[in-house]
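Worth saying up front: this structure is predicted, and the values here are computed from it rather than measured.
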Protein chains: 2
Amino acid sequence: MKLTSKGRYAVMALVDLARFDNINPVSLRDISLRQSISLDYLEQIFSKLKKNEIVKSIRGTQGGYVLNKNPNDIKLTNIFHAVDEKVKTVQCKKESKRGCNGKATKCITHNLWDELEIHINTFFENKSLEDLINDNKETRV
Amino acid sequence: MKLTSKGRYAVMALVDLARFDNINPVSLRDISLRQSISLDYLEQIFSKLKKNEIVKSIRGTQGGYVLNKNPNDIKLTNIFHAVDEKVKTVQCKKESKRGCNGKATKCITHNLWDELEIHINTFFENKSLEDLINDNKETRV
DNA sequence: TACATACCTGACTAAAATGGTCAAGTTTAG
DNA sequence: CTAAACTTGACCATTTTAGTCAGGTATGTA
Ligand code: FES
Ligand code: FES
């Protein structure tokens, strides 16, 4: 079970963005340099964040990205969903009545994995970008 | 973030084993058939479970595997650890002072991922094989 | 108006991880 | 003696990951 770098970078970049987003848009170039993330890769990520209305883009010189919502309204769930970082613990299709083994009933561990998925998602739902910014302020003063 | 089938199968197989482990050892062949898991793959998995003293093996005809501990003392953590299904959310080496970005300090999201890792591991530490057997009895009567 | 900056898009790919299979044993009950 | 079942290690196809590359397009500023 591991986190992919797409999800990790998305959150990193947004925390960085939120910290510097005062008046001016923040360019991916700056984020790239500060956080050591490939610029090309960041572009892919922000394209998705934009589609999901988490950020707004401003083109041209002095352009960049700005948050599209209040940091308190951006939960980790939203970010992960935007970049397709999904938590997948069950193997079967959830809608289906069939199990992961092809049988007509769910497998003997299905409920367990389902519980786990909920457990993890709860964490993501309760954590907002604002929380992260604050945590970060504390540790750096 | 997804669960690999090694971890999933390990737990599945152990629940199956625990349910049928009365007097006689349970053969992998039976587990394979009941749970639709490749026999060859199960062998790899049980080899690891054995090394970690979660099961005991009995060779020869009528042989098979038996639990090596009380189901209540086998936590998901133990099972996952045995088959190398590890939760990895931070990117950096934990012991090191350096961050995942190569810089001298931890990255701005390090604490978050660390929290997440603890959150998930807590789930695994609190869930025992016995819990799973009971859950399963309930749903099947 | 030129031009540099920065967003935008899609194709491509090397490397790693995953989810197994295959082959050749050894042990032991009956 | 033989079949059932564990044991070990090598091997491999496919998928996923984590990017790179090569073009574009929009726009503020000089
Ligand atoms: S995970 Fe849903 S049936 Fe096995
Ligand atoms: S995850 Fe530990 S420093 Fe980034």
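Residue T4(A) has no polar side-chain atom (N or O) positioned under 4.0 Å from OP1 or OP2 of dT17(D). The side chain of Y65(A) contributes an N or O atom lying less than 4.0 Å from OP1 or OP2 of dC8(C). Between K6(B) and dT18(C), a side-chain N or O to OP1/OP2 separation shorter than 4.0 Å is absent. For the OP1/OP2 pair of dT20(D) and a distance below 4.0 Å, the side-chain nitrogens and oxygens of S38(A) include at least one atom meeting the criterion. The phosphate of dG20(C) (OP1 or OP2) has a side-chain N or O of S5(B) nearer than 4.0 angstrom. Remark: S27(A) is not in phosphate contact with dT5(C), judged by side-chain N or O atoms under 4.0 Å from OP1 or OP2.
The aromatic rings of Y9(B) and Y41(B) sit perpendicular to each other, their planes meeting at more than 60°, with 30° as the lower class boundary.
The distance between atom CG of L28(B) and atom P of dT7(D), rounded to the nearest whole Å, is 8 Å. Atom-to-atom, CZ of R29(A) to P of dA4(C) comes out at 14 Å; the value is rounded to the nearest Å. Here the C1' atom of nucleotide dT18(C) and the CG atom of D84(B) are 13 Å apart, to the nearest Å. In this structure, Y41(B) atom OH and dA10(D) atom P are separated by 18 Å, rounded to whole Å. Note: CD (Q44(B)) to P (dG9(D)) measures 12 Å, nearest angstrom. With rounding to whole Å, K56(B) atom NZ is found 17 Å from dT28(C) atom C1'. Between the CG atom of L39(A) and the C1' atom of dT9(C) there is a distance of 14 Å, given to the nearest Å. The nearest whole Å value for the distance from the CD1 atom in I45(A) to the P atom in dT20(D) is 11 Å.
Contacts of F46(B) with the nucleic acid, taken as non-hydrogen atoms under 4.0 Å apart, are absent. Note on K2(A): only backbone sugar-phosphate atoms sit closer than 4.0 angstrom, heavy atoms only; bases stay farther off.
The side chain of E43(B) lies closest to dC6(D) when the candidates are dT9(C), dC6(D), dT21(C).
At a cut-off of 3.5 angstrom, the base of dT5(C) holds no donor-acceptor pair with the side chain of R59(A).
I31(B) and V66(B) are members of different hydrophobic clusters when ILVMFWY side chains are connected at heavy-atom separations under 4.5 Å. In the hydrophobic clustering of this structure, I118(B) does not group with L3(A); members are Ile, Leu, Val, Met, Phe, Trp, Tyr whose side-chain heavy atoms approach within less than 4.5 Å, directly or through other members.
Looking at Y65(B) and L42(B), their side chains never come closer than 4.5 Å, going by heavy atoms from C-beta outward.
Between S47(B) and D30(B), it is D30(B) whose nearest contact on DNA chain D lies nearer the 5' terminus. Where Q91(A) and T61(B) meet DNA chain C, the nucleotide closest to each residue was compared, and Q91(A) sits on the side nearer the 5' end.
Under a 4.0 Å N-O distance rule, the pair D84(B)/K6(B) does not qualify as a salt bridge.
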